[in-house]
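In this text, all values refer to a predicted model and were calculated from it rather than measured experimentally.
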Protein chains: 2
Amino acid sequence: MTTIRGVANNGGGTTRKPSVNLDEVSKTIIELLQHDGRKSYASIAAEVGLSEAAVRQRVQRLLEADVMQIVAVTDPLQVGFQRQAMVGLRVSGDMTAVADALTAMDEVSYVVTTAGSFDVLAEVVCENDNHLLELLTSRIRPLPGVTATETFVYLKLNKQLYNWGTR
Amino acid sequence: MTTIRGVANNGGGTTRKPSVNLDEVSKTIIELLQHDGRKSYASIAAEVGLSEAAVRQRVQRLLEADVMQIVAVTDPLQVGFQRQAMVGLRVSGDMTAVADALTAMDEVSYVVTTAGSFDVLAEVVCENDNHLLELLTSRIRPLPGVTATETFVYLKLNKQLYNWGTR
DNA sequence: CCCCGAGCGACTGATTCCGAAGATTTATCT
DNA sequence: AGATAAATCTTCGGAATCAGTCGCTCGGGG
């Protein structure tokens, strides 16, 4: 349940946003919230030199424009998902359709179309090996246009960052 | 600046956490915060049937145990990063050292050691093509033990989820 | 020149956050 | 079992924050 859109998928048919241009103040606000999503508007205001209300309005604008979203991110292992993997797919024909189909799957947390020996990369989050096996054989590989897949089972998640800063 | 740890790296030398076991209430709290990281404790309490203070204590515990973190996640394209790529690496010898070296790089947002034809997968976030090129040729490929790399430049980010729910 | 909209500061009531203290449940040890 | 210790919950009051709203200023058209 609870299908939530990702940050950057503007292919889902939602209303298009006017791509706000970020000034230095907004970038600083973003960076502060990348460290602590619950930081108070007042303390942010003190750091960037605006009033509390102005910061609040900016944050609201950034959220509505989908420039950022403030959420809890979890360690998959600690919330009951024992198997993660990256799946590389080679596709003949329209890879958009394949990407869309993958995007629609609950177990798929990440889909990107790439230039390289794989056309699409998808990260999947499964509860166990059987779950992963079923997902791969019954639902991913049969997708029309998929000519080959290669699965990279995660052994260890070394780094997982959500805050790259801003430029 | 401000190198922030990821969620799941317990290899960085930080204090070990006692891996809290999650009951249904905590899972519900997490799922609510996965939708809105700024949701008030009071409204969460109303939904899970606890007092506001109890919810606050649980959230604090979850944060300290690194089960989750509440942060702002951004759309890389909208904050000035034009080039993203997944880099697959083949490594001879100790892949832990390679993974650690990648983890230490600011441009690297994601590092995972895998079982498959690649030993390590790393996602990199760059400002432009020159930046990506420099990173690959001068800093990633020369790493000791790296025998081959393959780069998948992102054409389109289709899906990017941070909330898989809980099991 | 004037209108108009965007963005900001100031203000206020309602809500929320926060820390502490006490009560209750759960776990541990003998 | 029984007692002790640890963990977790509720209650509570004061401080801080949040969420609106209003008026002001600054620029850009018409």
Side-chain angles (χ1 to χ4, degrees), chain A residues 4 14-75 77-80 163 166-167, chain B residues 4 10 14-75 78-80 163 166-167:
Chain A
I4 288 290
T14 45
T15 56
R16 178 155 294 277
K17 302 300 179 179
S19 76
V20 205
N21 62 328
L22 305 177
D23 58 6
E24 280 310 310
V25 175
S26 287
K27 288 182 180 179
T28 305
I29 292 174
I30 291 175
E31 287 175 6
L32 292 172
L33 287 172
Q34 281 176 331
H35 293 304
D36 176 9
R38 276 188 163 260
K39 191 172 177 62
S40 74
Y41 296 134
S43 63
I44 296 173
E47 293 200 42
V48 302
L50 284 186
S51 71
E52 175 263 348
V55 171
R56 181 155 32 89
Q57 290 162 4
R58 276 182 184 245
V59 170
Q60 209 131 16
R61 241 176 293 144
L62 292 171
L63 293 176
E64 282 168 8
D66 263 350
V67 174
M68 67 172 180
Q69 57 184 140
I70 299 175
V71 295
V73 296
T74 55
D75 176 358
L77 284 175
Q78 293 208 49
V79 296
N163 37 4
T166 56
R167 296 297 156 95
Chain B
I4 288 290
N10 247 329
T14 45
T15 56
R16 177 153 294 279
K17 302 300 177 180
S19 77
V20 206
N21 62 328
L22 305 177
D23 58 5
E24 280 310 309
V25 175
S26 287
K27 289 182 179 178
T28 305
I29 291 174
I30 290 175
E31 286 175 5
L32 292 172
L33 287 173
Q34 282 176 330
H35 292 302
D36 176 10
R38 277 188 163 258
K39 190 172 177 63
S40 74
Y41 296 132
S43 63
I44 296 173
E47 294 200 41
V48 302
L50 283 186
S51 70
E52 174 263 345
V55 171
R56 180 154 36 91
Q57 290 164 5
R58 277 182 184 245
V59 170
Q60 207 130 13
R61 241 176 294 143
L62 292 171
L63 293 176
E64 281 169 8
D66 264 349
V67 174
M68 67 171 181
Q69 58 184 141
I70 299 175
V71 295
V73 294
T74 56
D75 176 358
Q78 293 207 47
V79 296
N163 38 4
T166 56
R167 296 295 157 94

### Task
Output all residues satisfying side chain to side chain donor-acceptor pair (under 3.5 Å) with B:Gln57, sequence neighbours left out; order by chain, then residue number.
none
### Task
Would you please test A:Ile70 and A:Lys39 for side chain to side chain contact (heavy atoms under 4.5 Å, CB included) and show each step?
CA-CA 11 Å; A:Ile70 299 175; A:Lys39 191 172 177 62; over 6 Å; no
### Option passing side chain to side chain contact (heavy atoms under 4.5 Å, CB included) with B:Arg58 (candidates B:Leu63, B:Ile44, B:Ile30, B:Asp23)
B:Asp23
#### Entry: Any residue of residues 41-54 of chain B with a heavy atom less than 4.0 Å from an atom of DNA chain D
B:Leu50, B:Ser51, B:Ala53, B:Ala54
### Query
Is it true that A:Arg56 and A:Glu52 have a side-chain N and a carboxylate O under 4.0 angstrom from each other?
yes
### Spacing of B:Gln57 atom CD relative to C:dA20 atom P, expressed in whole Å
12 Å
### Summary
To the nearest 10 degrees, the angle between the two end axes of the helix from C:dC1-D:dG30 to C:dT30-D:dA1 (five pairs per end) comes to 40°
### Task
Drop me the distance from A:Glu31's CD to A:His35's NE2, to the nearest 0.5 angstrom.
6.5 Å
### Task
Could you say whether A:Gln60 or B:Arg58 is positioned toward the 5' end of DNA chain D, judged by the nucleotide with the nearest heavy atom to each?
B:Arg58
### Query
Is the shortest heavy-atom distance from the side chain of A:Gln34 to the side chain of B:Thr74 under 4.5 Å?
yes
### Message
Nearest 0.5 angstrom please: A:Gln78 CD to B:Leu22 CG, how far?
### Response
7.5 Å
### Task
Consider the side chain of B:Arg56, meaning its heavy atoms from C-beta on, and name the nucleotide among D:dT17, C:dT16, C:dC18 that approaches it most closely.
C:dC18
